[in-house]
Amino acid sequence: MSETSPDGAGSPAGATGGTPLAATPLTRAVLEIDEYTAGLGWDQPARLFALVDTARLRSEEPALAGQLGLDDTEEDGPAQAALTPVEQDELPDGLPLDEFLGTIAWPDAVTGCAMTVERLMLPPSAEGEVPDDLDDEQLARWVAEHPQHQEVRMTVAVLRDGTRESAIRLRDKDSTTEVLTGGNLVPGLADALTATFEG
């Protein structure tokens with residue numbers, strides 16, 4: 001695993017200033033990753049994160065936990081995340097996302113995983129205009145040229161038990177208060193991430 005936690009050097013995971021409180025540890029982790037990637041700006045490559053149990057990380061990997069700002073001196077409480085996102089190495093260039101995800105096997109210490117990807121989307125009102133005879137490349141070009149297309153960043157996370165959460169941020173509403181969350185917002189990517197635990 002890479003040794004980069006999205007919450008920044010020296011700050012405890014889950015204690016980021018701009019990330020709102022969330023009802024579940026998985027939602028909190030998704031919002032933390034969304035806030036981290038938002039800080040990197042737009043036009044970024046896809047990013048993959050392992051989700052590890054914070055208490056287990058402290059216990060089994062104290063040196064790594066210390067590097068991530070999660071040492072034992074931190075108090076557990078509402079601001080402390082139960083899941084720590086750990087960014088993985090950069091995804092390989094040129095390999096389709098579904099093929100890349102098919103190569104992943106997580107160690108037992110990984111509780112879940114998350115991914116951020118940027119895509120162009122059309123509002124539901126424009127989906128009926130999509131021509132039927134386009135291949136993937138032609139469809140991407142057609143959507144990019146459509147006057148109603150929207151740039152979005154999707155952050156999707158899943159746990160080994162099948163629990164899922166996602167966050168969607170629109171480029172033209174790039175604010176923490178405008179982030180949409182829900183368990184089934186990006187089902188295809190959630191299914192692909194879940195499959196990484198089924199090997």
Side-chain angles (χ1 to χ4, degrees), residues 1-9 13 16 19 25-54 57 61 64 67-68 81 83-121 135-141 143-144 149-160 162-171 174 179-199:
M1 281 192 275
S2 167
E3 297 178 359
T4 304
S5 181
D7 57 349
T16 59
T19 305
L26 186 58
T27 302
R28 178 105 182 119
V30 165
L31 291 173
E32 182 179 331
I33 293 167
D34 172 74
E35 187 72 18
Y36 165 71
T37 54
L40 299 173
W42 286 86
D43 304 317
Q44 296 290 318
R47 295 177 186 280
L48 180 67
F49 299 83
L51 299 177
V52 295
D53 179 273
T54 303
L57 180 64
E61 298 284 345
L64 177 57
Q67 290 176 342
L68 298 176
L83 294 170
T84 298
V86 181
E87 187 171 3
Q88 303 302 288
D89 294 331
E90 197 169 300
L91 279 61
D93 285 334
L95 187 63
L97 196 55
D98 57 341
E99 288 180 30
F100 169 72
L101 290 174
T103 68
I104 295 175
W106 296 106
D108 290 340
V110 174
T111 304
C113 65
M115 177 168 269
T116 62
V117 294
E118 294 180 11
R119 293 290 185 260
L120 295 178
M121 296 180 75
D135 63 26
D136 288 346
E137 188 176 312
Q138 292 170 323
L139 178 60
R141 189 172 34 255
V143 170
H149 80 263
Q150 297 176 343
E151 295 178 69
V152 300
R153 179 181 301 116
M154 301 174 286
T155 303
V156 179
V158 300
L159 298 179
R160 283 185 185 273
T163 305
R164 50 181 64 186
E165 185 63 81
S166 49
I168 296 181
R169 180 184 291 252
L170 298 173
R171 188 170 190 159
D174 194 2
V179 174
L180 178 64
T181 60
N184 290 309
L185 297 178
V186 191
L189 182 53
D191 290 344
L193 290 172
T194 299
T196 66
F197 292 104
E198 296 171 353

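- Atom CZ of residue R153 and atom CG of residue L170 lie 11.0 Å apart, to the nearest 0.5 angstrom.
- The nearest pair of heavy atoms linking A167 to V179 is CB-CG1, 3.7 Å.
- For the atom pair D34 CG and T181 OG1, the distance stands at 10.0 Å (nearest 0.5 Å).
- Nearest approach of P85 to E32, heavy atoms of both residues: CD-OE2, 3.8 Å.
- Closest non-hydrogen pair, L51 versus A157, comes out as CD1-CB, 4.0 Å.
- With rounding to the nearest 0.5 angstrom, the CG atom of L40 is 10.5 Å from the CD atom of E35.
- Taken to the nearest 0.5 Å, the CG atom of L120 stands 5.0 Å off from the NE2 atom of H149.
- Crowding of E99 atom CD: a count of heavy atoms from other residues, nucleotides or ligands under 6.0 Å exceeding 12.
- Taking the charged nitrogens against the carboxylate oxygens, R171 and D43 do have a contact shorter than 4.0 Å, which makes a salt bridge.
- Residue Q44 places its CD atom among more than 12 non-hydrogen atoms of other residues, nucleotides or ligands, all under 6.0 Å distant.
- No donor-acceptor pair under 3.5 Å is formed between the side chain of R28 and the backbone N or O of L83.
- A side-chain contact (heavy atoms from CB on, under 4.5 Å) with C113 is found for exactly one of V52, L193, V86, namely L193.
- Each of T116, T155, D174, T37 was checked for a side-chain contact (heavy atoms from CB on, under 4.5 Å) with R169, and the lone residue meeting it is D174.
- Side-chain contact between R164 and V186 is absent, with no heavy-atom pair separated by less than 4.5 Å.
- Here the CZ atom belonging to F100 is positioned 4.0 Å from the CG atom belonging to L91, to the nearest 0.5 angstrom.
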Report the C-alpha separation of M115 and V156 in whole Å, then their side-chain angles, then the decisive distance to 0.1 Å, and conclude whether the side-chain contact (heavy atoms from CB on, under 4.5 Å) test is met. CA-CA 5 Å; M115 177 168 269; V156 179; 5.7 Å; no
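- Pairing each heavy atom of W106 with each of T196, the nearest pair is NE1-OG1, 2.9 Å.
- Of all heavy-atom pairs spanning V30 and S166, the tightest one is CG1-C, 3.9 Å.
- Counting heavy atoms from C-beta outward, I168 and M154 have side chains that approach closer than 4.5 Å.
- Atom CZ of R119 is separated from atom CD of Q150 by 16.0 Å, given to the nearest 0.5 angstrom.
- L180 and L185 make their closest contact through O-CD1, 3.7 Å (heavy atoms, listed as atom of the first residue, atom of the second, distance).
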Would L101 and L189 count as a side-chain contact (heavy atoms from CB on, under 4.5 Å) here? Give the steps. CA-CA 10 Å; L101 290 174; L189 182 53; 4.1 Å; yes
